[in-house]
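Contents: one structure, followed by commentary.
As the structure lists them, so they are numbered: ligands from 1, and atoms in each ligand from 1. Nothing fancy with the numbering, it's 1 onward along the sequence.
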Amino acid sequence: MSEIETQLTDGVLTVTLNRPDKKNAITQAMYEALAEATERARTDPAVRVLLFKGQGDSFSAGNDIGDFIAQGSAAPDAQALDMPVFRFLKALADCDRPVVAAVQGRAVGIGLTLLLHCDLVVAAEDALLSAPFVNLALAPEAASSLLLPAVLGHQRAFELFALGQPIDGRTALAWGLVNRAVPAAEVEATAVDMARQLAGRAPNSLRKTKALMRDAERLWAIMQSEGHAFGSQMRSPEAMEAFRAFTQKRAPKFD
Ligand code: COA
């Protein structure tokens, strides 16, 4: 079984993160496959809607921390922007089809910031969404430094980034981060139903509506500038300490 599965049904391209034993933490190989699927959503006329979901009890625990360690140990001139995650982020910024997400359990890091590029998000009432970039001594990514404060306001966004505590699906609904908060057992069916409704709407009208609401070039420019801060933090001693602390199941100690 592939760790990223895709299925096109009735105009809805469903992309499933399928690494449940690791809470769908995303590896470099998975980002490549996510990028391919997201690019396909824009180029394949049969795709009307893109739907992201996660297999198992979580949507995604974010970037694979083992990969962070490998990348952080790479030569200092290794270009963060060459990483597959950036191909995926560019594809997300450029995606002109509506994007829907079904979120249960944990949505951490890019598991949350990906949602800022979705047009409709259905979350479980008890889902836990977090963006613990500072806990990992990193920096915001995926244009979340722009989009999260735009949705939540500065203070709530700063708290999510800097203190890293999760908010549940009900709070995410109250804060405007998701469209629906439903019992966990209803998340997928609700998201599929909304995706199918979108797939039946006039495709050019939908595309133009989405294009008028977002500035893809600006989003990509911000993703790149965030990438420089993220890349230099990823190679920093404080981030290495945070990554090792996670793998050793202990609290990090920052000097
Ligand atoms: N990268 C690599 N492995 C991860 C991972 C990640 N981001 N998130 C979870 N895993 C692995 C765990 O190491 C564990 O592996 P093991 O069974 O071999 O020990 C397995 O997935 C299950 O995770 P576990 O921590 O036991 O589950 P939990 O329910 O107690 O906690 C999380 C779930 C998501 C809260 C916790 O795993 C976590 O905090 N993960 C890191 C999230 C993160 O910081 N992501 C990066 C954001 S930029």
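Where the criterion is an N or O separation shorter than 3.5 Å, residue side chain and backbone included, Phe68 fails it with respect to ligand 1.
Taking 4.5 Å as the limit, some side-chain heavy atom of Leu146 sits within range of a side-chain heavy atom of Leu219. Proximity of Phe52 to Thr38: side-chain heavy atoms (C-beta onward) are separated by under 4.5 Å at one or more points. A heavy-atom distance below 4.5 Å is not found between the side chains of Asp168 and Glu125.
Between the side chains of Gln55 and Glu5, not a single donor N or O lies within less than 3.5 Å of an accepting N or O. Gln7 and Thr14 share no donor-acceptor pair across their side chains, judged by distance under 3.5 Å alone.
Nearest protein heavy-atom neighbour of atom 19 (O) of ligand 1: Lys249 NZ, 3.2 Å. With hydrogens left out, the protein atom closest to atom 8 (N) of ligand 1 is Ala61 CB, 3.3 Å, a heavy atom. Atom 7 (N) of ligand 1 has as its closest protein heavy atom Asn63 O, 3.0 Å. In terms of protein heavy-atom proximity, atom 39 (O) of ligand 1 is closest to Phe246 CE1, 4.1 Å. Protein heavy atom closest to atom 15 (O) of ligand 1, with residue, atom name and distance, is Lys22 NZ, 3.2 Å. Nearest protein heavy-atom contact of atom 24 (P) of ligand 1 is Lys23 CE, 4.4 Å. With hydrogens left out, the protein atom closest to atom 44 (O) of ligand 1 is Leu136 CD1, 3.4 Å, a heavy atom. Summary of contacts: the protein heavy atom closest to atom 20 (C) of ligand 1 is Asp21 O, 3.4 Å.
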Check the pair Phe230, Phe68 against ring-ring contact (aromatic ring centres under 6.0 Å, His included), reporting the backbone distance first and the verdict last. CA-CA 11 Å; Phe230 194 97; Phe68 275 152; 5.7 Å; yes
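Considering Arg106, Glu141, Met234, Arg19 only, the shortest heavy-atom separation from atom 32 (C) of ligand 1 involves Arg106.
There is no protein heavy atom closer than 4.0 angstrom to atom 30 (O) of ligand 1.
Here CG of Leu17 is found 11.0 Å from OG of Ser58. Values are rounded to the nearest 0.5 Å.
Taking 4.0 Å as the cut-off between side-chain N and carboxylate O, Arg170 and Asp126 do not count as a salt-bridged pair.
Counting the atoms of ligand 1 from 1 in the order shown, those under 4.0 Å from a heavy atom of Phe133 are 48 (S).
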